[in-house]
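What follows is a single structure, written as structure tokens, with notes after it.
In what follows, chains carry the letters A, B, and so on, assigned in the order in which the sequence lines appear, proteins first and then strands, with residues in each chain numbered from 1.
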Number of protein chains: 2
Amino acid sequence: MNSDFTLAIHSLTYLALQPDRMSTSEAISDSAGVHPVRIRKVLSLLKKNGFIKSKEGIGGGFIFALDLNEVTLWDIYKITSEGALQPKCPDSNEKCIVGANMHTVLFKIFLGAEEHLGEYLKDYTIKEIVDLINQCKGCDC
Amino acid sequence: MNSDFTLAIHSLTYLALQPDRMSTSEAISDSAGVHPVRIRKVLSLLKKNGFIKSKEGIGGGFIFALDLNEVTLWDIYKITSEGALQPKCPDSNEKCIVGANMHTVLFKIFLGAEEHLGEYLKDYTIKEIVDLINQCKGCDC
DNA sequence: TAATCTGTAACGTTTACTATTACAGTACAA
DNA sequence: TTGTACTGTAATAGTAAACGTTACAGATTA
């Protein structure tokens, strides 16, 4: 699975725990263990889709824009990883009935698989991720 | 998605359409559009798991060993791609409650996602793939 | 106007994937 | 019993995708 997906979840969870103030990309990247520019790319996508708001300049950063219960993992998957399940087949032999049609057949099956996965991911909201994270206490974040 | 998975499906489907004779790795690789050695690696895995039989030497090759209805896409997924859904997170910050626990939380969620995907993939047998392929006629394979 | 932040493009590096070469082992056929 | 046609697998090389890093323009505040 695409790591943009997990970085998006990580970022949103982080922001969900800081509902009253702006968080910088550096703070989030420090939590996630990646480069701030990488986080900004992911956050840029989240912003474009209305999940978060941002502000430039001193005291700026990112903040959650929606209710935690409104955002599901499926929503995040769709903007970061849609089509990721789809395998990238090499061009197979058009003169063989298998080679000529396998791609089409598998494409439909994987499309169904992604829809099916969607039903599972819709059951998880950011609120629930936050709750699961909170079940571990005693950290100093 | 891992392309070993689709190459395995491709190979088994090819063999399913040649039930009475051995097929060489070259014939299959020609159909799939990849190098014969690559196909042999995938077939080696399928053989180890009892899906196919092989024979070396002149007139040798590979042949299906089970009933087409016995083998599901989930069976194939398990031997070629198990864990593929699991994202490879970078090591996140242990001092942050999010960084410290995100990996564990997501691991469980993706484990569930894979199980869920399994329920979908179990519905497709090689027999059904063959039928779908056969719905297109007029090729000279 | 200096400091701090976002936003994004460009470039370099690393890692995973795939192709290719090479060759040993097996089976058959003449 | 020797040549031919396969499998089986390791080792290497090449390619593409992922990721890190640098650089800098634009926004905002003190």
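By the side chain to side chain contact (heavy atoms under 4.5 Å, CB included) test, S11(B) pairs with I28(B), I39(B), L43(B), sequence neighbours left out.
Checked by atom type, the side-chain pair E114(B)/Y77(B) shows a donor-acceptor distance below 3.5 Å. A side-chain donor from one of S31(A) and H10(A) sits under 3.5 Å from a side-chain acceptor of the other. Side-chain contact of S54(B) with K47(B): a donor-acceptor pair under 3.5 Å is present, judged by distance alone. Remark: the T24(A) side chain and the R40(A) side chain contain no N/O donor-acceptor pair separated by less than 3.5 Å. Counting only N and O atoms by type, the side chains of N101(A) and T104(A) include no donor and acceptor under 3.5 Å apart.
The side chain of K55(B) places an N or O atom within less than 4.0 Å of a non-bridging phosphate oxygen (OP1 or OP2) of dC28(C). Residue T24(A) places no side-chain N or O under 4.0 Å from the OP1 or OP2 atom of dT4(C). At dT18(C), one or more side-chain N or O atoms of S3(B) fall inside 4.0 Å of OP1 or OP2 (strictly under the cut-off). Contact annotation: S44(A) does not reach the phosphate of dG7(C) (side-chain N/O to OP1 or OP2, under 4.0 Å). OP1 or OP2 of dG7(C) has not a single side-chain nitrogen or oxygen of R40(A) nearer than 4.0 Å.
dT18(C) atom P lies 8 Å from atom CG of L7(B), rounded to whole Å. Across the protein-nucleic acid pair, K53(A) atom NZ and dT6(C) atom P stand 16 Å apart, rounded to whole Å. Across the protein-nucleic acid pair, I63(A) atom CD1 and dC5(C) atom C1' stand 15 Å apart, rounded to whole Å. Put simply, CD1 on I39(B) is 12 Å from C1' on dT18(C), counting in whole angstrom units. Atoms CZ (R21(A)) and C1' (dC5(C)) sit 16 Å apart, rounded to a whole Å. L43(A) places its CG atom 8 Å from the P atom of dG7(C), with the value rounded to the nearest Å. Nucleotide dA10(C) holds its C1' atom 14 Å from the NE2 atom of H35(A), rounded to whole Å.
Shown here is K108(A), whose NZ atom has no more than 12 heavy atoms of other residues, nucleotides or ligands within 6.0 Å.
Taking for each of G59(A) and E56(B) the nucleotide of DNA chain C with the nearest heavy atom, the 5'-most of the two is the partner of G59(A). Along DNA chain D, the nucleotide nearest G61(B) and the nucleotide nearest D4(A) are compared for position; the residue whose nucleotide lies closer to the 5' end is G61(B). Positionally, the nearest nucleotide of DNA chain D for V37(B) lies more toward the 5' end than for the other of K41(A) and V37(B).
Among the protein residues, K47(A) comes within range of the sugar-phosphate backbone only, with heavy atoms under 4.0 Å from sugar or phosphate atoms but none that close to a base. Contact annotation for K48(A): no contact, since no heavy-atom pair falls under 4.0 Å across all strands.
Note that the first and last nucleotides of DNA chain D, 5' to 3', having any atom under 4.0 angstrom from a heavy atom of chain A are dC19(D) to dT29(D).
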